[in-house]
Amino acid sequence: MLKVFNDLTMEREEFVPLEPGKVAMYVCGPTVYDYFHIGNARTFVVFDAIRRYLEYRGFKVTFVQNITDVEDKIIRRAAERGTSPEEVARQYTDAYLEDSAALGIKPADVQPKATEHIAEIIDFIQRLVDRGYAYVVDSDVYFDTSRFTEYGKLSHQSLEDLEAGARVEVDERKRHPADFALWKAKKPGEPGWDSPWGEGRPGWHIECSAMSTKYLGETIDIHAGGADLIFPHHENEIAQSEAASGKPFARYWLHGNLLNVGGQRMGKSLGNFVTVREARRQYDPEVIRFFLLSAHYRSPLNYTPESLESAKGALERLYNAAVTLEHLARPERLAREQGRADEFHARLPKYKDQFTAAMDDDFNTADAISALFDLVRDAHASLGPDAPAGVAAEALALLRELGGVLGLLGRAGGLDDLAEEVQSLIDQRQAARARRDWKESDWIRDELAAKGIILEDTPSGVRWKRKV
RNA sequence: GGCGACAUAGCCAAGUGGUAAGGCAGAGGACUGCAAAUCCUUUACCCCCGGUUCGAAUCCGGGUGUCGCCUCCA
């Protein structure tokens with residue numbers, strides 16, 4: 001039974017989608033004004049893994065993620081650079097898609113952009129105005145939070161609590177400090193679209209309500225994002241959507257914890273961030289992905305160079321196992337040993353169950369990964385050089401299957417044909433070893449290492465792999 | 001002030017009542033021409049103090065410390 005922690009109820013609940021077998025899932029995407037950083041990546045990677053697991057579990061998932069391509073920061077960035085907001089948005093949308101692909105994040109089924117849904121957004125706001133949930137001041141439109149009695153149900157705060165926070169900017173034109181803009185009147189030099197209230201652009205929160213409703217319907221199964229979006233963003237989405245439709249907006253609200261650096265939140269404003277782009281120069285993106293999945297998604301996770309190194313070592317161990325298994329799985333091998341391998345073979349389902357149980361438990365990726373390591377250790381210990389190829393092949397298939405659920409080990413195995421030059425060097429080295437010419441032998445090994453080919457002399461013959 | 005988390009070995013991190021997973025790093029051993037990979041062995045007064053219980057890292061109460069949200073932010 002799949003259990004998920006629902007931030008709306010603050011409880012772990014059985015996951016039951018509205019329509020059996022189908023999941024409507026919406027994850028808030030990036031505002032494209034800069035490269036995204038590893039902290040942002042944590043959320044995207046985590047919910048990508050969750051999506052993959054739901055699919056693995058047999059659900060037909062419709063995954064929607066927006067791209068916010070009109071917003072204050074984009075406009076500001078464009079002004080700084082003397083270019084247009086469209087240009088800034090285009091550049092960083094491309095960068096976002098490229099970096100996410102590198103992190104192994106599957107493309108969304110629908111990736112709507114705010115600027116391409118202005119008509120839907122205007123309709124949505126109009127509905128709120130008509131129903132008395134929004135009011136117009138000059139050419140701005142605000143949501144009237146006082147009218148929505150359940151306001152605060154996600155962040156578990158009342159309007160009074162929020163007011164007491166005293167960090168709300170005072171704006172005399174708003175009826176309540178917590179009221180937020182649905183439509184912002186155009187200021188000189190800003191992009192704008194015609195609307196019943198004058199030229200302007202949408203507020204941040206409304207796009208998600210409008211686009212989620214358009215592509216997934218009025219009530220969706222899962223709405224997710226980073227924990228920092230709980231308030232005000234998701235609170236506001238609930239208010240807008242439920243005020244407009246009169247129906248529950250999302251059944252399960254999932255939020256990923258933030259990534260810390262030096263015990264503090266990684267954030268643009270703190271200047272302590274590392275973009276995925278930068279990190280990619282130093283680490284294989286799969287290492288970054290592994291690191292981001294190495295803690296439970298609702299736990300804090302601290303970013304340090306050491307933890308990345310640790311992730312690298314761990315991932316290498318998994319890949320080493322894949323290489324070993326692939327060698328053992330070669331069909332031409334003669335298997336002379338059967339006993340231990342048979343017992344191991346019988347244990348394979350256990351590892352799959354272990355993995356599934358961990359993921360069923362509110363997507364415990366850290367625990368699920370440990371099932372991979374348990375499988376790998378058992379495989380190494382149980383499959384000697386003479387183990388049957390079929391068992392090795394099955395173990396490798398399972399490792400790839402489970403790794404794939406997490407978006408890992410995509411390159412597992414895949415012993416491609418070596419370049420002839422490389423193969424002849426290996427042959428030369430074998431000849432040198434046969435005549436105990438260690439100098440020549442070691443020289444060739446170093447030579448290949450420089451090309452990223454690692455040689456290992458094993459009881460069952462020389463074997464090679466690519467450096468991670 | 002309000003709302004909410006977190007505190008487990010050198011480091012990272014699972015574990016929601018029954019002898020403390022997993023990874024990284026370290027040490028020793030096996031294998032190897034040497035390596036590499038791998039295997040075996042090895043390292044925890046579970047932040048503190050009370051309480052509940054036959055039994056608590058796990059539940060309750062009280063501390064201490066760290067963090068997040070309450071303003072744009074994944």
Side-chain angles (χ1 to χ4, degrees), chain A residues 7 10 12 27-31 33 36-47 71-73 76 152 155-158 160-169 177-178 204 224-233 235 255-260 263-270 273 290-291 294-296 298-302 304 306-321 323-324 354 358 361 364-374 376-377 379-384 433 436-439 441-442 445-446 449 454-459 462-465:
Chain A
D7 281 312
M10 302 289 282
R12 200 173 293 219
V27 177
C28 285
T31 298
Y33 71 104
F36 69 112
H37 58 70
I38 305 180
N40 303 315
R42 182 179 186 191
T43 301
F44 301 143
V45 163
V46 155
F47 290 109
E71 202 265 343
D72 291 1
K73 284 189 285 252
R76 197 182 318 138
S155 54
H156 308 287
Q157 297 182 95
S158 65
E160 295 75 53
D161 291 340
L162 290 166
E163 209 163 358
R167 286 171 77 180
V168 184
E169 211 174 305
W204 175 37
D228 53 344
L229 295 188
I230 293 173
F231 190 91
H233 186 54
E235 198 70 72
H255 294 94
N257 210 316
L258 304 179
L259 183 70
N260 295 135
Q264 254 199 327
R265 174 206 175 136
M266 180 179 284
K268 281 274 163 58
S269 48
L270 288 164
F273 61 92
F290 184 96
F291 162 69
S294 68
H296 182 89
R298 287 190 292 104
S299 296
L301 178 65
N302 205 32
T304 61
E306 293 75 36
S307 35
L308 266 290
E309 285 301 327
S310 177
K312 185 181 172 189
L315 192 60
E316 251 167 40
R317 178 167 161 79
L318 258 19
Y319 268 111
N320 283 336
V323 170
T324 300
Q354 189 185 337
D361 185 12
N364 194 334
T365 53
D367 211 12
I369 286 172
S370 75
L372 263 36
F373 284 104
D374 288 346
V376 157
R377 155 164 303 111
H380 277 134
S382 305
L383 303 180
R433 291 184 71 218
R436 306 181 71 79
D437 182 349
W438 310 128
K439 200 178 158 195
S441 162
D442 291 347
R445 185 165 62 193
D446 292 345
I454 309 291
L455 294 190
E456 296 171 355
D457 302 319
T458 74
V462 65
R463 148 193 319 179
W464 66 275
K465 66 182 181 186

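Chain naming here is simple, since letters A, B, ... match the order of the sequence lines and numbering starts at 1 in each. Please read all numbers here as calculations on a predicted model, not as lab measurements.
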Show the distances under 3.5 angstrom between N or O atoms of the protein and N or O atoms of nucleotides 40-42 of chain B.
| residue | atom | partner | partner atom | Å |
| --- | --- | --- | --- | --- |
| B/rC40 | OP2 | A/Arg377 | NE | 3.4 |

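- Going from the P atom of B/rC45 to that of B/rU58 covers 16 Å, rounded to whole Å.
- For A/Ala295, counting side-chain heavy atoms from C-beta on, the closest listed nucleotide (B/rA35, B/rC69, B/rA14) is B/rA14.
- Each of A/Ser269 and A/His296 lies near RNA chain B, and the nucleotide nearest A/His296 is the one positioned closer to the 5' end.
- Listed by chain and number, the residues in a ring pair (Phe, Tyr, Trp, His ring centres under 6.0 Å) with A/Phe44 are A/Phe36, A/Tyr96 (sequence neighbours excluded).
- For B/rC34, the base has a donor-acceptor partner in the side chain of A/Arg445 [N/O atoms by modelled type, under 3.5 angstrom].
- Residues passing the side chain to side chain donor-acceptor pair (under 3.5 Å) test with A/Arg445 are A/Asp442, sequence neighbours excluded.
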Review item, nucleotides 3-10 of chain B N/O atoms under 3.5 Å of protein N/O:
| residue | atom | partner | partner atom | Å |
| --- | --- | --- | --- | --- |
| B/rC3 | O2' | A/Ser155 | O | 3.0 |
| B/rC3 | O2' | A/His156 | O | 3.4 |

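- Taking for each of A/Ser294 and A/Asp374 the nucleotide of RNA chain B with the nearest heavy atom, the 5'-most of the two is the partner of A/Ser294.
- In a base pair of the Watson-Crick type (N1 to N3 plus N6-O4 or O6-N4) or a G-U wobble (N1-O2 and O6-N3), with each distance short of 3.5 Å, B/rC67 is matched with B/rG4.
- A/Asn257 has its side chain within reach of A/Arg42: a pair of non-hydrogen atoms, C-beta onward, lies under 4.5 Å apart.
- The side chain of A/Arg42 approaches B/rA74 more closely than any other nucleotide in the set B/rA74, B/rG33, B/rA37.
- Closest to the side chain of A/Gln264, from the set B/rA74, B/rG68, B/rA37, is B/rG68.
- Considering only residues two or more places apart in sequence or on other chains, A/His380 meets the ring pair (Phe, Tyr, Trp, His ring centres under 6.0 Å) condition with none of them.
- For A/Ser158, the side chain to side chain donor-acceptor pair (under 3.5 Å) partners at least two apart in sequence or on another chain are A/Glu160, A/Asp161.
- Looking at residues two or more places apart in sequence or on another chain, you find a side chain to side chain donor-acceptor pair (under 3.5 Å) between A/Asp374 and A/Gln354.
- Backbone-only contact: A/Asn320 has heavy atoms under 4.0 Å from sugar-phosphate atoms and none from a base.
- Across the P atoms, B/rA20 and B/rA57 are found 9 Å apart, a figure rounded to whole Å.
- Looking at residues two or more places apart in sequence or on another chain, you find a side-chain contact (heavy atoms from CB on, under 4.5 Å) between A/Asn320 and A/Lys465.
- A/Ala366 pairs by the side-chain contact (heavy atoms from CB on, under 4.5 Å) definition with A/Asn364, not counting sequence neighbours.
- For the residue pair A/Ser155/A/Glu235, the side-chain donor-acceptor check at 3.5 Å is satisfied.
- Nucleotides B/rG61 and B/rC54 are separated by 22 Å at their C1' atoms, to the nearest Å.
- Among residues two or more places apart in sequence or in another chain, the ring pair (Phe, Tyr, Trp, His ring centres under 6.0 Å) test is passed with A/Phe273 by A/His37.
- Looking at the side chain of A/Leu259, the nearest of the listed nucleotides B/rA74, B/rU38, B/rA36 is B/rA74.
- Counting any heavy atom pair closer than 4.0 Å across all strands shown, A/Leu229 reaches sugar-phosphate atoms only and no base atom.
- Proximity note for A/Ser441 (side chain, C-beta onward) versus B/rC39, B/rG33, B/rC67: the nearest is B/rG33.
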Return the polar atom pairs (N/O with N/O) between nucleotides 24-29 of chain B and the protein under 3.5 Å, or none.
| residue | atom | partner | partner atom | Å |
| --- | --- | --- | --- | --- |
| B/rC24 | O4' | A/Ser310 | OG | 3.2 |

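- When distances run from any side-chain atom of A/Leu301 to the nucleotides B/rA13, B/rC69, B/rA74, the shortest one goes to B/rA13.
- In this structure A/Asp361 satisfies the side chain to side chain donor-acceptor pair (under 3.5 Å) test together with A/Arg12, sequence neighbours excluded.
- Under 4.0 angstrom from either OP1 or OP2 of B/rC34 there lies no side-chain N or O belonging to A/Arg433.
- Comparing the same atom, P, in B/rG2 and in B/rG50 gives a spacing of 29 Å after rounding to whole Å.
- Nearest nucleotide to the side chain of A/Pro232, out of B/rA74, B/rC34, B/rC72: B/rC72.
- The side chain of A/Asn260 lies closest to B/rC67 when the candidates are B/rG15, B/rC67, B/rA21.
- Regarding contacts with the backbone of B/rG15, a side-chain N or O of A/Asn364 is found under 4.0 angstrom from either OP1 or OP2.
- Using C1' as the reference atom, B/rA56 and B/rG51 are 12 Å apart when rounded to the nearest Å.
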